[in-house]
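Read through the structure below, which is laid out as structure tokens, and then see the notes.
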Amino acid sequence: MIRAYAWNGPFEKAIDLYYEMVESGVRPTKYTYPFVIKACSALQDVENGVEIHEHVKRKGLDGDVYICTGLVDFYAKCGLLVEARQVFDGMCQRDIVAWNAMISGCSVNGLYLEMMGLVLEMQENGLTPNSSTIVAILPGIAEANKLREGKVVHGYSMRRGFVNDVVVDTGILDVYAKCGLLNYGKRIFRVMSIKNEITRSAMIGAYVTCDSTQEGLELFEQMRMEEDIGSPSPVMLATVVRACAKLNDLEKGRKIHGYTVKLRSNLDLMVSNTLLSMYAKCGRIDDALNFFEEMNLKDSVSFSAIIAGCVQNGHAEEALRIFQKMQLSRVDPESATVMGILPACSHLAALQLGVCTHGYSIVRGFTEDISICNALIDMYSKCGKIDIARIVFDKMNKRDVVSWNTMISGYGVHGRGKEAIQLFYNMQTVGQMPDEITFIGLLFACSHSGLVAEGKYWFFRMCEEFKISPRMDHYLCMVDLLGRGGLLDEAYRFIQNMPCKPDVRIWSALLAACRIHKHIILAEEVSNKIQYLGPESLSNFVLLSNLYTTAGRWDDAAHVRVKQKDSGFKKSPGCSWIEINGVVHAFVGGDRSHPQSAKINEKLKELSTEMKKLGYSAELSFVYQDVEEEEKEQILLYHSEKLAVAFALLNLDPSKSILVAKNLRVCVDCHSTLKYITLITKREITVRDASRFHHFRDGICSCGDFW
DNA sequence: TTAGGGTTAG
């Protein structure tokens, strides 16, 4: 009976019967164990499997080849490779089934090298791979994207006559698809005489993986019409939902959602996790959140998906709230959860949580993963700790292009252009090819550190030597570089010579440069161009009005502001936030609703008095409202970054430096005020604004007033 | 044999 259940399910019954047998005093024989272990393996039931292993040891049956083979398979299927290997190594005699179980374990757990090593070893031991061996290694080859090895195995299978078997052919189809050879996959699919549901799922998945997503959906519809598939499996539905997400096709996604409800497949955890992710990827975070709340069963994938979804849709605080819930519900964070949390920390400049997540990642062994380290580098960099980011970078055993790009961009936003360039040289020394994102980081770094000649040089080499054709982002960096450097005419000529039509951002960069260098005539011309281009952005009104004010042309400034009002542009409120003891506190300019508001105001007034003694006078041109001078000073005093800094001075341990993040660019008055505050309080203050970092210390800022 | 959650810039 146990044997019957172990073969055909329900597997739980096999295990229940085994325990019933033991409790009723009937002694299981060595013929019982392989079956009950097979049931544990099918269910991935670690607890019972381990206990039954203990029974086996007590009975002294741990030398039996069939039982041990079963145990190797059980541990491998449960992802416990170390235990699987222990049993495997302990076997004095191994048949091909044992080798295949061990190989399969490595294959599905992503241990490609170990897997290939075992295949060689088994041949050295006089065993020839059979079709089960081939079936076992194909997923590993597919996962590792080893096209050459895939072709070798394909050829071997043909010579040995393993092909024309639905399981082998489906595996080979999948290898070609994962390696990007969609046409090979299509050909195999076409000539297969017998196809099962898994083959069809694999083919749809192949289209999705190879960016022929629409064709994948068409194939699914065609199969549905031709009734090749009666009721699609959860795996197929998940693949189709993923296709909708990839195409951003919400309407289609909703239809499939309805279909899964009809089939009751929406109760399947994998399907519901994919649906959840589909809503988030289509930008419907509210739908995703509602769906998440309504899920009866949630696992770590559900949490990871909603956390990542929140961050992608700009709701980092919500992501952290859900992360807390996850910990309360005792679902262990996986590496993909950490992958969602780290960008949330980056966005919120939540260093303490970032550091905790780093610690957790080390304990769980996630820091072996390149992507996790890349996310850590970004987190430290965006939380103001560029030197710690560098330590993480240096400690990595292997780096990919993202690691280098993240580090180079990090140096860029911190205004450490020379280090960005040095790192770019190192990158070439180790043979890592830069991509277009590398150059965005490098050019940004040059422009924000005033390295005009270097920027021009690298832009030239990017085009000529690296054969990367510049994108709008690269042109933007160059206009910014030339403009900030005071080469306004050259920047203008550069724009005119661009092979593509410059967008609003390009002209805005030039306008911003006009403001820095007080070039009114060019500013007016550029401003006209922007208006002609439309839609105008708010920053253009602000820049122009600001420029007129600085030049004392009050009427013109007022005229621009009226026009801004008439066009319906409203300045989005400045918002700053700061993390204290792991809690993020947010402040909006002029906001007096904070519980500590009175104390904060008092602190600011006190600082203002001290500052005036040191020679500070308010930069009133940054207030746009039509109000009296004294009132203008008051408005400036309550800019969000000042509120956040005052709050930090009141609540943060004096030994700690202050890190404030802001959604907009820091204004000239705040910039100057913060310098004075570091003089008065002897505290270090770092501000991350919408464009870069400002490290204030002893009355000076790391940006050299150049931003 | 198919499969759900993920890093850089903008």
Side-chain angles (χ1 to χ4, degrees), chain A residues 104 107-108 131-132 134-139 142 165-175 177-178 192 195-206 208-209 232-242 245 268-278 280-281 298-309 311-312 333-343 346 366 369-379 381-382 399-410 412-413 435-445 471-474 476-477 503 505 690-691:
Chain A
S104 170
S107 179
V108 296
S131 79
S132 298
I134 300 304
V135 169
I137 62 175
L138 287 172
D165 170 280
V166 64
V167 182
V168 173
D169 290 352
T170 303
I172 294 171
L173 186 167
D174 186 54
V175 167
K178 293 250 166 65
M192 278 171 77
K195 301 175 180 109
N196 61 17
E197 222 262 354
I198 296 176
T199 317
R200 295 183 232 280
S201 292
M203 193 62 234
I204 296 173
V208 181
T209 309
S233 69
V235 174
M236 186 179 279
L237 289 168
T239 308
V240 172
V241 173
R242 189 162 63 94
D268 182 277
L269 197 51
M270 189 209 309
V271 173
S272 51
N273 286 340
T274 319
L275 283 166
L276 167 64
S277 170
M278 183 272 295
K281 284 190 180 131
K298 299 180 179 92
D299 66 356
S300 79
V301 176
S302 330
F303 278 101
S304 306
I306 192 70
I307 287 170
V311 179
Q312 283 153 6
E334 289 299 321
S335 72
T337 323
V338 168
M339 218 49 165
I341 287 301
L342 287 173
S346 301
F366 297 157
D369 184 334
I370 297 181
S371 308
I372 294 277
C373 289
N374 294 346
L376 282 167
I377 294 170
D378 190 55
M379 183 276 293
S381 162
K382 293 223 169 83
R399 302 177 189 93
D400 62 9
V401 70
V402 179
S403 325
W404 292 92
N405 291 353
T406 312
M407 199 61 227
I408 289 173
S409 302
V413 289
D435 63 9
E436 47 181 29
I437 296 174
T438 318
F439 283 98
I440 294 174
L442 187 67
L443 296 174
F444 184 95
R471 258 176 26 187
M472 202 58 88
D473 301 276
H474 299 104
L476 185 60
C477 287
D503 68 4
R505 293 178 306 156
S691 140

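Each chain gets a letter, A, B and so on, in the order the sequences are listed, and its residues count up from 1. Small disclaimer: the values here were computed from a predicted structure and weren't measured.
Inspection of the Ser300(A) and Glu334(A) side chains reveals no N or O donor paired with an N or O acceptor under 3.5 Å. Judged purely by distance below 3.5 Å, without hydrogens or angles, the side chains of Asp435(A) and Thr438(A) pair a donor atom with an acceptor atom. A donor-acceptor contact closer than 3.5 angstrom links the side chains of Asn273(A) and Asp299(A).
For Asp369(A) against dG6(B), a side-chain-to-base donor-acceptor contact under 3.5 Å is present. For Asp299(A) and dG4(B), a side-chain-to-base donor-acceptor distance below 3.5 Å is present, hydrogens and geometry of angles not being considered. Scanning atom types as modelled, no donor and acceptor separated by under 3.5 angstrom connect the side chain of Thr406(A) and the base of dT8(B).
A close approach under 4.0 Å does occur between a side-chain nitrogen or oxygen of Ser277(A) and OP1 or OP2 of dG5(B). Distances shown here put a side-chain N or O of Lys178(A) below 4.0 Å from the OP1 or OP2 atom of dA3(B). In this model, the phosphate group of dG6(B) is approached by a side-chain N or O of Gln312(A) to a distance below 4.0 Å at OP1 or OP2. Checking the phosphate oxygens (OP1, OP2) of dG6(B), a side-chain nitrogen or oxygen of Lys281(A) falls inside 4.0 Å. The shortest distance between the side-chain N/O atoms of Arg242(A) and the OP1/OP2 oxygens of dG4(B) is below 4.0 Å.
Nucleic acid contact class of Pro139(A) (heavy atoms, under 4.0 Å, all strands): sugar-phosphate only. Among the protein residues, Lys382(A) comes within range of the sugar-phosphate backbone only, with heavy atoms under 4.0 Å from sugar or phosphate atoms but none that close to a base. Nucleic acid contact class of Ser300(A) (heavy atoms, under 4.0 Å, all strands): base. Contacts of Ile172(A) with the nucleic acid, taken as non-hydrogen atoms under 4.0 Å apart, are absent. Using a 4.0 Å heavy-atom criterion, one finds that Val338(A) contacts no nucleic acid atom at all. Ala308(A) comes within contact range of the sugar-phosphate backbone alone, with a heavy-atom separation under 4.0 Å but no base atom that close. Residue Asp435(A) is out of contact with every strand shown, counting any heavy-atom pair closer than 4.0 Å. When heavy atoms are screened at a 4.0 angstrom cut-off, Ala336(A) is found touching base atoms of the nucleic acid. Residue contacts shown for Leu138(A) are absent, as no nucleic acid heavy atom lies under 4.0 Å away.
Atom CD1 in Ile372(A) sits roughly 12 Å away from atom P in dG6(B) (whole-Å rounding). Regarding Ile377(A), its CD1 atom lies at a distance of 15 Å from the P atom of dT7(B), rounded to whole Å. Rounded to whole angstrom, the span from the CE atom of Met379(A) across to the P atom of dT7(B) amounts to 15 Å. Put simply, CD on Glu197(A) is 13 Å from P on dA3(B), counting in whole angstrom units. Residue Asp169(A) contributes atom CG, which lies 14 Å from atom C1' of dT2(B) at whole-angstrom precision. Whole-Å rounding puts the Met278(A) CE to dG5(B) P distance at 12 Å. Nucleotide dT2(B) holds its C1' atom 10 Å from the CG atom of Leu173(A), rounded to whole Å. Rounded to an integer number of Å, the gap from CG of Asp174(A) to P of dT2(B) is 5 Å.
Counting only heavy atoms from C-beta on, Phe444(A) has its side chain closest to dG10(B) among dT1(B), dG10(B), dT8(B). Counting only heavy atoms from C-beta on, Arg471(A) has its side chain closest to dA9(B) among dA9(B), dT1(B), dG5(B). Comparing atom distances between the Val402(A) side chain and each of dT7(B), dG6(B), dG5(B) picks out dT7(B) as nearest. Each of dT1(B), dG10(B), dT2(B) was ranked by its minimum atom distance to the side chain of Arg505(A); first place goes to dG10(B). For Glu334(A), the listed nucleotide lying nearest its side chain is dG5(B); candidates were dT2(B), dG4(B), dG5(B). Among dT7(B), dT1(B), dT8(B), the nucleotide with an atom closest to any side-chain atom of Ser371(A) is dT7(B). Checked against dG6(B), dT1(B), dT2(B), the side chain of Ala202(A) finds its nearest nucleotide in dT2(B). When each of dG4(B), dG10(B), dG6(B) is scored by its nearest atom to the side-chain atoms of Met339(A), the top-ranked nucleotide is dG6(B).
Side-chain contact between Ile198(A) and Val235(A): absent, with no pair of heavy atoms (C-beta onward) separated by less than 4.5 Å. Between Thr199(A) and Asn196(A) there is a side-chain heavy-atom pair separated by less than 4.5 Å.
Of the candidates Leu342(A), Asn405(A), Asp369(A), Asp400(A), Asp400(A) is the only one forming a side chain to side chain contact (heavy atoms under 4.5 Å, CB included) with Asn374(A).
No salt bridge links Asp169(A) with Lys195(A); every basic N to acidic carboxylate O contact stays at or beyond 4.0 Å.
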